[in-house]
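To find a chain, count down the sequence lines: A is the first, B the second, and so on, and within it residues start at 1. Hydrogens, waters and symmetry mates are skipped; everything else that's a heavy atom, side chains included, is used.
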Amino acid sequence: MARKPIQFRLNGKDEAVFVEEGQNLLDALRRQVGDTSPKYGCGQGTCGACTVLVDGEPRLSCLMLAESAEGASIETTAGLAGAELHPLQRAFLDGFAAQCGYCTSGMLMSAKALLDRNPSPTREQVVDAISGNICRCTGYEPIIDAILDAAARGAGRRSA
Amino acid sequence: MYDFNYHRPSSLDEAVTLLGQGEDVKVLAGGHTLLPTMKQRLAAPSDVVDLSRIAALKGIEATEGAVRIGAATSHADVAASGEVRNRIPALAALAARIGDPHVRNRGTLGGSIANNDPNADYPAACLALGATIVTTKREIAADDFFVDMFETALDEDEIVTRVDFPVPRRAGYAKFPNPASRYALVGVFVAEGGDGIRAAVTGAGPCVFRVPEMEAALGHDFSPAALEGIKVDAGGLNADIHASADYRAHLVGVMARRAVEAALEGR
């Protein structure tokens, strides 16, 4: 299988890797780059576990060809925390908004995309923002509460 | 996924040339249908032509009496457009309720109508508004564009470049979304434009269709009450795990009345 070189920004750092033709971005991030924070769930664009931000927009990395990431700026959960946890991560922890945790990184990235644009969302806007992310264990209420809590703590203002 | 050649042309000419080469060339817009289809081995193109970097395919332009939307314009951009919200609010509202944010950021108008999924929202808007689909070869009236389930009038080497939506006097859209995918289980778009009333139904049948009886009733009295008692025949409608044909037929009436309410309220 032919391999192609691509370059992109990942969490503020330059990355240059060889990817395979037909490989999706999720697979390239996990295997070639070693960032396993985006998760493989359904692989069909249904569950949202693989959500990353591409140029600030939430995208399903399982439905994005790695080659099309050339020149893009990508953010994953691995880049959220600085010296301290991101307020979204802190709010998820404090609010017990994860049970098995498999959907959490996708939820966090969809929530970050929302708060980056809208630091003070309504509950309805939060529900819409995570409507592409499926959670099969805790249910959605603690997750929605945690995102609203993070907004109240200034998560959007911090990352904007 | 298996091996294929990936192309990302920067011009439409280049894209058309690429479509004429290779044994099985597919056009990639948002990729939210084509890529899952390829992963399931239901499609195995030799070449994929990604339209995402062709600037000429994007953007929204207002003209006298119409709104022109580039084929590669995302649902999110249509939903947020001041031109669309002011002149065809029902179309902006439709775009805002497609799928979820991931889908709206990636999915495109051209991709949606070229795929012609029986449950997609945009075909109803195109048909009810009497839109013109502009391609690399010709202009096609919406009435002639949507042929059958996942089938359109497009040739293999033809790309949708934009859609021209005439601005209606009033229009409204209502849908019963599948709660998981938000595809329209049934969606009805009602519009009053230059050539009278048009009511188009998506989700219910194999392909978007009009309901002349409803159009005639609304021509006499543009109100939800005018539609009372009009039944759509369940014969030929879709039946699957999500809903029976009878239920879909019932929903056509309910959604049509709600669409008229929306039109009257200008939303």
Take atom CZ of B:Arg87 as the centre, draw a 6.0 Å sphere, and report whether it contains more than 12 heavy atoms from other residues, nucleotides or ligands. yes

Looking at CG of B:Asp3 and CD of A:Gln23, how far apart are the two atoms once the value is rounded to the nearest 0.5 Å? 11.5 Å

Option among A:Leu63, A:Thr46, A:Leu60 that satisfies the side chain to side chain contact (heavy atoms under 4.5 Å, CB included) test with B:Pro36: A:Leu63

Is it true that, when you exclude A:Phe96 itself, more than 12 heavy atoms of the residues, nucleotides or ligands shown sit nearer than 6.0 Å to its CZ? no

Would a 4.5 Å heavy-atom cut-off, applied to side chains only, mark A:Asn133 and B:His102 as touching? yes

Taking the side chain as C-beta and beyond, is there a heavy-atom pair between A:Glu57 and B:Arg106 under 4.5 Å? no

Restricting to non-hydrogen atoms, name the atom on A:Ser68 and the atom on B:Asp50 that form the minimum distance, rounded to 0.1 Å. CB-OD2, 3.9 Å

A quick test of your reading: do over 12 heavy atoms of other residues, nucleotides or ligands sit less than 6.0 Å from CD of B:Gln40? yes

Should we count CD of B:Glu156 as having more than 12 external heavy atoms under 6.0 Å? no

Side chain, backbone, both or neither of B:Arg97 within contact of chain A (heavy atoms, under 4.5 Å): neither

Pick from A:Gly132, A:Cys42, A:Gly45: which one has the most heavy-atom pairs with chain B under 4.5 Å? A:Gly132

Where do A:Glu67 and B:Tyr6 come nearest, in terms of heavy atoms and distance? OE1-CD2, 3.3 Å

Under 4.5 Å to a heavy atom of chain A? For B:Leu28 that would be side chain

So what's closer than 4.5 Å to chain B heavy atoms on A:Ser110: side chain, backbone, both or neither? side chain

Counting only heavy atoms not in B:Arg258, do more than 12 fall under 6.0 Å of its CZ? no

Assess whether atom CD of A:Glu141 is packed by more than 12 heavy atoms of other residues, nucleotides or ligands within 6.0 Å. yes

Is the shortest side-chain N to carboxylate O distance from B:Arg182 to A:Asp128 below 4.0 Å? no

So, for B:Phe4 and A:Glu21, which heavy atoms are closest and what is the spacing to 0.1 Å? O-OE1, 3.3 Å

Can you check side-chain contact (heavy atoms from CB on, under 4.5 Å) on B:Lys39 and A:Cys62, steps first, answer last? CA-CA 10 Å; B:Lys39 285 183 172 200; A:Cys62 82; 3.8 Å; yes

